[in-house]
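To keep things clear, I will list the structure first and then write my remarks on it.
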Protein chains: 2
Amino acid sequence: MYGCLPKGDPMLSAGLPQGAVPKLERPGPLRDRVYEALLELITTRALQPGQHLVESELAGHLGVSRQPVREALQRLNTEGWVDLRPAQGAFVHEPTEAEADQLLTVRTLLEAEAARLAAANAGSAGVAALESLCAEGERAVAADDVDTAVALNAAFHAKIMDLAGNTVLAGLAAQVDRRVRWYYTPVARQRGRQSWIEHRALIAAITSRDEQLATTLMREHTEHTRRSYHERARS
Amino acid sequence: MYGCLPKGDPMLSAGLPQGAVPKLERPGPLRDRVYEALLELITTRALQPGQHLVESELAGHLGVSRQPVREALQRLNTEGWVDLRPAQGAFVHEPTEAEADQLLTVRTLLEAEAARLAAANAGSAGVAALESLCAEGERAVAADDVDTAVALNAAFHAKIMDLAGNTVLAGLAAQVDRRVRWYYTPVARQRGRQSWIEHRALIAAITSRDEQLATTLMREHTEHTRRSYHERARS
DNA sequence: GCACCGTAGACTGTAGACGAAAGACAATCG
DNA sequence: CGATTGTCTTTCGTCTACAGTCTACGGTGC
C-alpha cells in the first residue's frame, strides 16, 4: 500500500490518507465565537430588540474580556443586527414593518437571480442534490418535524445559491436571508407543505435549464412567503 | 427681529438662529476616521492588493493606538476590502477576474431594481433633481472634467437609489458600487459621453413611470460598463 | 551538498487600566 | 413652585502590557 505513491507526489508526508486528517481542530479566533454566540442570542430573542447591550456585562457573562465583545459588536453592526450609537453603546436593532418589507424585496431579487444562474449552470450532480434535499424536506413535513423542515428549507436555498456559482451574490443573500428569517420566525412554521411543492416545480425548471421559468418560480415562491408575513402581521 | 419668536417656541435658548448653529463638529469615533483613511488608501492604490497590513505600522503611521486600527480592519474585512487571515494579519484583498464579473452581475441586478422602484415612486421633485444632475454631468463631460463627471455619475446613481426608497437595497448597492468602482477605476474614464445619453433615456422612463422600461434601460446601462471592463481586461 | 531541527524575531490575540463623555438626580436660586 | 445648574454614576473610547503562535533563518548531522 505504502509503495503505491502517485508519480507527481514525491514522498508527501508519510502517505497520510488525504482527506481523513482531522485538521487539528483549533478553537478559532475568540471574536468569532463571541459573534456566533451573540447572534444566537439575538435570533433566539434571548436579547430583545431595543435592548441595551453593555460590553462589560456581556464580557463577564461569556467569560472573556471586553475586546472580543467589542469586535463582535462591530461586525454585528455592519451586518445590521445591532445599532451602535456613538459614546452610548450597542442596542439590538428594532425591526420595522417597512424594513422587513424591504428585506423581503431584496431577498426576492437575489433568490430569483440565483435560480436563474442555477438553471444556467447546474449539472446533473447538482440537480440530484436538490432532489435529495427536496425529498427529505417532504418527509419532514409529512412527519410534522417542523425544525428539520425549516433547516432543510434553508439548505435547499443555500444549495441553489451554491449552484449559481456567484460567491458575491451568495454572501449578500446569506446575510439577507438570515435577517429575514429572524423577522419571519413566527411565521415560518405556517408555510410548509405548499413550500415544497413549489420547490419541486423549481427543480424541474432548473433541470430543463429554463432560466426564465426558474426566475419566475423563485420570485413567486419568495413573494408567497412575503404575503404570508404581511397577513400574519395584520392579525 | 428677536421679538418675532414663533408661538410654540417659548424662549428656546437665547434665540439662536435655527439652522446656523455649526453643530460643534465632533471628531467622531476614532475607528471611523481610521476606517475612512484606510479605505481611501486602498481605493487610491496607495496600499496595493495583496499587501500585508501590519497593525502597529498603521497605528504608528496614523498616530493612534492599535485598537482603532483593529476595529477598522474588522469592518473592512466584513465588507470585503481586506482578507483577515487568523494569527497572520490583514491583507488587502486581491481582485479576481471572476469576482469582478460577479460583482458586476450583482450590481446590475441591484441597480435595475432601484430603477424600477424609482420609476414607481418618483415625484416631480425627484425627477427634477435627476435632470439637474444629468445636465451638470453633460457639462462636465463636455468640458473634459473627468473627475467631476465620475463624481456626478456616482451622485446620479445614488439619487436613483434614494428615489427607490429602499434603504436595505441602498446599503447593499453602496457597498457593491464602491468595490466595483475600485476594480473599475482604470476603465471608468473611457465611458463618459455614452453614459450620460443613457442616463437621459432612463430619466424619461422614470418620468413616464414605465417600470419595465426603466429596469431594462438600467440593466443595459450597467451591462455596457461590464462589457467595457472585459474589453479593457483583454487588452 | 542536502535535509532536518532548533532558536530567535515579529506579529497577532487577549487582558486589564485609565481618561472622558453622556445621562440622572438632587440641591439651589429666582 | 419651577427651572437651572452642579455633581455623581455609569459606560464607552483609547492606550499599554503580556502571552501565544507563526515564519524565517542559521546551525548541525548525515
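Letters go in sequence order (proteins before strands), and every chain restarts at 1.
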- Query: Hey, is the side chain of E55(A) pairing donor to acceptor with the base of dC12(D) inside 3.5 Å?
  - Reply: no
- Query: Are the charged groups of R226(A) and E223(A) less than 4.0 angstrom apart, N to O?
  - Reply: yes
- Message: Under 4.0 Å, heavy atoms only, any strand: does L84(A) hit a base, just the sugar-phosphate, or nothing?
- Response: nothing
- Counting heavy atoms from C-beta on, name the nucleotide in dT11(D), dT14(C), dA15(C) closest to the side chain of S65(A). dA15(C)
- Inspect the contact between R179(A) and E99(A) and indicate whether a charged nitrogen and a carboxylate oxygen are less than 4.0 angstrom apart. yes
- Query: Just how far, in rounded Å, is C1' of dG19(C) from CG of L30(B)?
  - Reply: 14 Å
- Task: Check the surroundings of atom NE2 in H52(B): do more than 12 heavy atoms from other residues, nucleotides or ligands lie under 6.0 Å from it?
- Result: yes
- Query: Among dT11(D), dA15(C), dG13(C), which nucleotide sits nearest the side chain of H52(A)?
  - Reply: dT11(D)
- Mapping S56(B) and Q67(B) onto DNA chain C by nearest heavy atom, which one lands closer to the 5' end? S56(B)
- Task: Can you tell me the distance, in whole Å, between the CD atom of E71(B) and the P atom of dG13(D)?
- Result: 8 Å
- Message: To the closest 0.5 Å, what do you measure between CD (E113(A)) and CG (N166(A))?
- Response: 8.0 Å
- Plane angle bin for F156(B) and H199(B) - parallel if under 30°, tilted between 30 and 60°, otherwise perpendicular: parallel
- May I have the distance from E57(B) (atom CD) to dC11(C) (atom P), rounded to whole angstrom? 7 Å
- Identify whether any heavy atom of L73(A) sits under 4.0 Å from a base atom; if not, whether one sits that close to sugar-phosphate; answer base, sugar-phosphate or nothing. nothing
- Scan R70(A) against the nucleic acid and name what it touches under 4.0 Å (heavy atoms): base, sugar-phosphate only, or nothing. base
- Check every strand shown and say whether Q88(B) touches a base, only sugar-phosphate, or nothing at a heavy-atom separation below 4.0 Å. sugar-phosphate
- Contact under 4.0 Å: R31(A) side-chain N or O vs dG13(C) OP1/OP2: yes
- Note on the structure: Whole-Å distance, L53(B) CG to dG13(C) P, equals 13 Å
- Calculate the interatomic distance between Q74(B) atom CD and dG13(D) atom C1'; express it in whole Å. 17 Å
- Item | Proximal nucleotide (of dC15(D), dA15(C), dA17(C)) relative to the R66(A) side chain | dA17(C)
- Task: Calculate the interatomic distance between D32(A) atom CG and dT14(C) atom P; express it in whole Å.
- Result: 9 Å
